[in-house]
Amino acid sequence: MKVEIDPHAGFCFGVRKAVQSAEEILTAEGSLFCLGDLVHNEEELLRLRALGLKTINHEEFESLRNCKVLIRAHGEPPETYWTARQNNIDLIDATCPVVLKLQGKIEKSYREIKDHDGQLVIFGKKSHAEVRGLEGQTGYKAIVIEKMDDLDKLDYTKPIHLYAQTTMNREDYKLVIKEVTNRIERSGGNAEKFHCTQSICQQVSGRISLLTDFCRRFDCILFVSSPKSSNGRILFEECKRLKSGSYFVTGPGDVQPQWFENVSSVGITGATSTPVWLMEKIALHVKNRTK
Ligand code: SF4
């Protein structure tokens with residue numbers, strides 16, 4: 001049985017940088033608070049927890065004083081920084097540079113349109129930490145749209161500035177842009193007052209074309225991720241579209257022997273939050289089971 005790990009899978013640079021920051025402090029100090037899950041991957045979280053990483057929520061964060069807290073790659077809204085200053089918390093800011101740049105653009109864009117009765121719109125998952133950080137740049141005045149029906153919330157006669165969460169599907173974002181354009185036309189709005197920004201991260205969108213080549217080379221694909229990972233869901237959908245024998249696994253325990261009947265090659269890939277060591281563990285498990 002041929003078993004190969006996708007060379008393009010594994011942490012994106014934003015997650016890698018955040019995990020490295022945590023590891024450096026944990027090695028030197030033995031413990032560290034992290035605001036929210038550092039990565040959307042339970043196995044990696046268990047590893048980091050064993051090194052001394054303690055995940056806290058926002059309520060717990062507000063009760064802390066005089067300590068270090070890591071901000072993960074998803075970023076945080078401005079009030080997190082205010083609280084840290086007030087409570088003498090030393091923030092280790094591992095916000096991904098791509099997210100940081102997007103936060104800055106949204107903050108500037110909102111300042112420009114708010115006095116012109118404009119709407120700052122974010123295409124993303126309302127419950128996602130990155131979206132909360134982006135909404136925070138507008139004082140939570142941004143309109144978040146998750147699906148086409150949510151577009152009914154917009155007034156197409158007024159200015160619209162549209163952005164997307166960095167891990168959304170590029171094709172879905174194109175459909176949203178097209179629909180907004182159509183609705184502006186139907187409402188007699190001014191198309192020049194509609195600005196859309198390409199804000200989807202290349203680390204996610206670039207993976208889709210690379211997945212096409214990878215999936216084609218194998219009879220069966222194991223996609224390693226956590227159900228919590230937003231880009232994991234998008235990339236797995238793509239795998240299923242490309243290869244019917246694609247399976248979502250969180251660890252070796254999910255692997256089913258019947259998947260490998262009449263199969264001579266298995267490709268292992270994952271999300272931008274999937275550690276390489278976990279894919280290696282699964283590859284070894286598959287090799288041992290199919291000897
Ligand atoms: S997917 Fe892109 S934006 Fe998100 S953490 Fe990774 S590099 Fe940064």
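Small disclaimer: the values here were computed from a predicted structure and weren't measured. All values below come from the heavy atoms of this structure, side chains included, with hydrogens, waters and symmetry mates left out. One-based numbering, in listed order, for ligands and for the atoms of each.
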Which of the atoms in ligand 1, numbered in the order shown and given with their element, are less than 4.0 Å from a heavy-atom of [X]?
X: T166; answer: 3 (S), 4 (Fe)
X: V98; answer: 3 (S)
X: V204; answer: 1 (S)
X: G14; answer: 5 (S), 7 (S)

Pair N231, T167: side-chain N/O donor-acceptor within cut-off below 3.5 Å: no
Metal proximity, C201 vs atom 6 (Fe) of ligand 1, N/O/S cut-off 2.8 Å: no
Nearest-contact summary for atom 8 (Fe) of ligand 1 - protein heavy atom, Å: C96 SG, 2.3 Å
Nearest-neighbour protein heavy atom for atom 6 (Fe) of ligand 1, which is reported as residue plus atom name and distance: C12 SG, 2.3 Å
Charged N to carboxylate O under 4.0 angstrom, [X] versus [Y]?
X: E135; Y: K141; answer: no
X: R47; Y: E43; answer: no
X: K68; Y: E29; answer: yes

Flag if over 12 foreign heavy atoms under 6.0 Å of NZ, K147: yes
ring-ring contact (aromatic ring centres under 6.0 Å, His included) between H116 and H161, worked out: CA-CA 12 Å; H116 301 282; H161 285 196; 9.5 Å; no
